[in-house]
J.: 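Got a structure here, written out as structure tokens. Questions coming.
In what follows, chains carry the letters A, B, and so on, assigned in the order in which the sequence lines appear, proteins first and then strands, with residues in each chain numbered from 1.
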There are 2 protein chains.
Amino acid sequence: MSQEKPRKRRGAGRVTLNAVARQAGVSAITVSRYFNQPESVSPERRERIAAVVAELGYVPNLVAGGLASSRGKIVGMVIPNISGPIFANTIQGFSDTLSRHGYQLLLASSYFSTEQEENAVRAFLGWSPAALVLTSHFHSSGTEKMIAEADIPVIETWDYQPDREPMQIGFSHYEVGATAARYLHDKGYRRIAFVQNSAPGDLSALERRDGYAATVREFGLEPWVFAPDADRAPFEAGKQAMEALMNASPRPEAIIFANDNLAAGGLLAGQRAGLKIPEDCAVLGFGDYPFAEMLLPSLSTIKPPALEIGVLAATRVLESLGVLPSDEVQRLNLLQCQVIEREST
Amino acid sequence: MSQEKPRKRRGAGRVTLNAVARQAGVSAITVSRYFNQPESVSPERRERIAAVVAELGYVPNLVAGGLASSRGKIVGMVIPNISGPIFANTIQGFSDTLSRHGYQLLLASSYFSTEQEENAVRAFLGWSPAALVLTSHFHSSGTEKMIAEADIPVIETWDYQPDREPMQIGFSHYEVGATAARYLHDKGYRRIAFVQNSAPGDLSALERRDGYAATVREFGLEPWVFAPDADRAPFEAGKQAMEALMNASPRPEAIIFANDNLAAGGLLAGQRAGLKIPEDCAVLGFGDYPFAEMLLPSLSTIKPPALEIGVLAATRVLESLGVLPSDEVQRLNLLQCQVIEREST
DNA sequence: TTGTAAGCGTTATCAC
DNA sequence: GTGATAACGCTTACAA
């Protein structure tokens with residue numbers, strides 16, 4: 001008898017679609033349809049197939065499916081870094097929304113390096129992803145070329161550049177800088193400084209700076225930008241900035257930090273030096289990291305719609321693929337950042 | 001002339017291995033070897049192929065490769081949640097190490113639900129991953145069955161259960177609980193309470209509790225466990241716990257919180273009520289979340305080797321696959337947690 | 001609603 | 001070192 005498993009040369013001896021079909025007494029394509037368009041299979045066969053699938057413990061081979069259909073149920077996402085508190089919510093919202101519809105997340109981090117981003121995109125493309133999600137509009141020319149030719153939905157998140165070709169989901173960093181400056185000015189602060197991020201590749205942070213600078217100029221004030229040493233750990237960079245700015249005379253009345261990590265460092269350095277915050281100097285961050293409300297004084301900050309970006313990105317992807325209904329997929333998605341006023345301003 | 005692209009029925013019109021082969025005047029398999037075992041291709045052809053690859057902008061189709069070789073260059077990882085600060089470093093270390101060797105990360109989160117974990121594992125298996133990485137040893141029976149039959153390296157992280165079949169990379173949560181109790185006892189604290197996590201599925205946290213309980217018993221003390229309302233936000237749950245424990249008489253002299261989020265809530269609630277920390281009541285957390293050092297007083301905690309776990313997991317995966325050299329892949333990997341003493345104890 | 005046949009783009013196998 | 005050929009397991013196209 002040839003009952004014994006032949007242990008073909010290849011394949012792990014997995015249960016295949018054909019095995020299910022044979023067992024259920026139907027053709028392979030019917031089983032395929034059972035998974036992809038169940039309505040198009042008669043209820044009786046559906047039942048029979050379901051039974052066999054359970055009995056054999058069949059798991060569809062998505063690789064084979066992806067090859068045959070030249071479009072896998074997989075979506076690639078590149079973010080600057082996973083471990084920072086800022087992007088984690090975006091990943092989470094994105095991943096969860098996708099997986100609820102049977103799509104998987106392929107993830108890589110760029111560390112704000114366009115070269116690493118390009119490598120990730122190239123690798124992803126090898127998996128025939130259904131879509132690609134990137135962060136910001138800063139890419140290498142190689143990346144630009146690949147996404148232009150990819151012929152799949154591409155989304156840029158955490159940014160908003162209406163003129164660009166890819167779908168946009170995010171906000172204007174320039175506007176965030178402007179909002180920060182306006183907010184502090186409205187509260188009566190005049191000598192307002194801005195502390196840059198210590199991560200050199202964080203170009204979006206520079207756009208926030210530019211928005212700040214333009215706005216204070218509109219108020220007839222002089223921009224005051226401090227740049228910590230490059231690549232210093234953010235918390236330390238914040239301390240460095242605060243120490244330097246405190247020694248200036250006159251001191252700034254308020255400081256905008258490029259993100260909450262820097263701001264937290266600044267806050268502590270200020271307190272350690274006996275500064276009263278916000279009386280002597282107000283502090284405003286960006287990101288609304290989880291610890292912002294736990295600090296003493298709690299940190300005022302600008303909260304980006306991180307989770308929302310992730311969920312919306314997934315939604316747009318699924319709409320583009322026809323998985324979710326939509327008359328016309330919205331290409332431009334401008335979300336709002338929110339000033340979270342706490343004790344430090 | 002048939003120069004014009006035929007636009008076959010299928011396929012996105014991508015450049016294929018065959019196209020490269022034709023252009024370079026070699027066979028397809030040679031181009032395949034060029035990518036997978038370059039040494040086995042003569043230098044001249046290597047050069048010729050390289051040129052054509054660049055010219056055509058060929059990107060290997062990993063889906064096709066995965067199907068043919070029945071093992072894709074992709075690794076699945078399931079973690080409880082992405083956005084918590086605790087696992088982010090593990091993901092980062094894992095992903096980075098993998099991608100440095102051409103492997104991609106397929107990520108999903110379980111939210112401490114074994115059912116969601118099972119779904120993720122099933123979906124991953126459809127991609128013929130080269131390996132699978134899970135968190136803790138708590139799985140559904142379905143998951144257990146799948147990983148037993150998967151015939152690929154499976155790693156359990158953030159835990160250490162020598163008796164189990166899968167590779168182990170992590171530490172004993174029970175020991176962490178014991179260490180916490182011992183540490184506080186050594187510092188002279190006697191009435192030591194433990195605050196559980198509010199997330200019901202976090203079974204590892206219960207093991208820490210058990211380690212704590214057994215240890216204080218050894219010291220002749222009575223365990224004192226407080227359980228916040230289930231599913232309360234951790235920060236709020238910590239507050240709730242602290243408020244409840246402060247009203248007990250006698251009050252605890254020290255409190256171990258199941259994680260730093262809870263501890264931060266406890267810290268703030270205590271201070272707001274006028275409690276001096278650590279004089280009136282010491283506070284110890286777990287996780288060494290980024291904000292721990294930013295709190296006032298800074299939070300003493302137990303730091304798990306999060307990044308190390310990720311890097312080591314990737315290393316073991318790559319060793320198992322023969323990508324990295326290794327005589328025998330180490331199945332048990334016990335890492336150390338570290339007591340980080342700050343101002344709160 | 002169901003089935004047949006022909007790929008999808010790569011790698012394993014075996015032969016030279 | 002190189003190549004011809006046959007898989008890998010599924011889905012598209014077309015037919016019934």
J.: Tell me, which pairs form a side-chain hydrogen bond (donor to acceptor under 3.5 Å, both in side chains) where one or both residues lie in residues 41-50 of chain B, sequence neighbours left out?
T.: none

J.: Treating B/Ser70 as the side-chain partner and B/Leu67 as the backbone partner, does any N or O pair qualify as donor plus acceptor under 3.5 Å?
T.: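 Checking the backbone N and O of B/Leu67 against the side chain of B/Ser70, no donor-acceptor pair under 3.5 Å is found.
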
J.: Applying side chain to side chain contact (heavy atoms under 4.5 Å, CB included), run through A/Met167 and A/Val317 and close with a yes or a no.
T.: CA-CA 10 Å; A/Met167 222 179 277; A/Val317 165; over 6 Å; no

J.: When you compare the side chain of B/Val78 with that of B/Val133, does any pair of heavy atoms fall below 4.5 Å?
T.: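 Side chain of B/Val133 against side chain of B/Val78, heavy atoms only: no contact under 4.5 Å found.
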
J.: To the nearest angstrom, how far is A/Arg71 atom CZ from C/dG9 atom P?
T.: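 My rounded result for the distance is 11 Å.
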
J.: Rounding to a whole Å, what distance do you find between A/Arg14:CZ and D/dA7:P?
T.: 19 Å

J.: Under 4.0 Å, heavy atom to any atom of DNA chain D: which of residues 54-66 of chain B qualify?
T.: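 Within this stretch, nothing sits under 4.0 Å of the strand.
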
J.: Keeping to residues at least two apart or across chains, list the side-chain hydrogen bond (donor to acceptor under 3.5 Å, both in side chains) pairs with something in residues 132-144 of chain B.
T.: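 As it turns out, the side-chain hydrogen bond (donor to acceptor under 3.5 Å, both in side chains) pairs with a partner in residues 132-144 of chain B, which skip direct neighbours, are B/Glu117-B/His139, B/Glu118-B/Ser140, B/His137-B/Asp159, B/His137-B/Gln161, B/His139-B/Glu156, B/Ser140-B/Thr143, B/Glu144-B/Arg164.
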
J.: Starting at atom CG of A/Leu67, determine the distance to atom C1' of C/dG7, rounded to an integer number of angstrom.
T.: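 Distance check: A/Leu67 CG to C/dG7 C1' gives 9 Å.
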
J.: Do any of residues 20-46 of chain B sit with a heavy atom less than 4.0 Å from DNA chain D, and if so which?
T.: B/Val26, B/Ser27, B/Ile29, B/Thr30, B/Arg33, B/Ser40, B/Val41, B/Ser42, B/Arg45

J.: Measure across B/Gly93 and B/Leu307 and return the closest heavy-atom pair with its distance rounded to 0.1 Å.
T.: CA-CD1, 3.7 Å

J.: B/Leu17 CG to C/dT10 P: how many Å, rounded?
T.: 5 Å

J.: How many Å lie between NZ on A/Lys73 and P on D/dC10, as a whole number?
T.: 14 Å

J.: If you look only at pairs with a residue in residues 103-124 of chain A, which of them pass as a ring pair (Phe, Tyr, Trp, His ring centres under 6.0 Å), with sequence neighbours excluded?
T.: none

J.: Pairs in or reaching into residues 15-65 of chain B: which pass ring pair (Phe, Tyr, Trp, His ring centres under 6.0 Å), with residues at least two apart or in two chains?
T.: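 As it turns out, the ring pair (Phe, Tyr, Trp, His ring centres under 6.0 Å) pairs with a partner in residues 15-65 of chain B, which skip direct neighbours, are B/Phe35-B/Tyr58.
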
J.: CG of B/Leu125 versus P of D/dG9: gap in Å, rounded?
T.: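 Distance, rounded to whole Å: 14 Å.
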
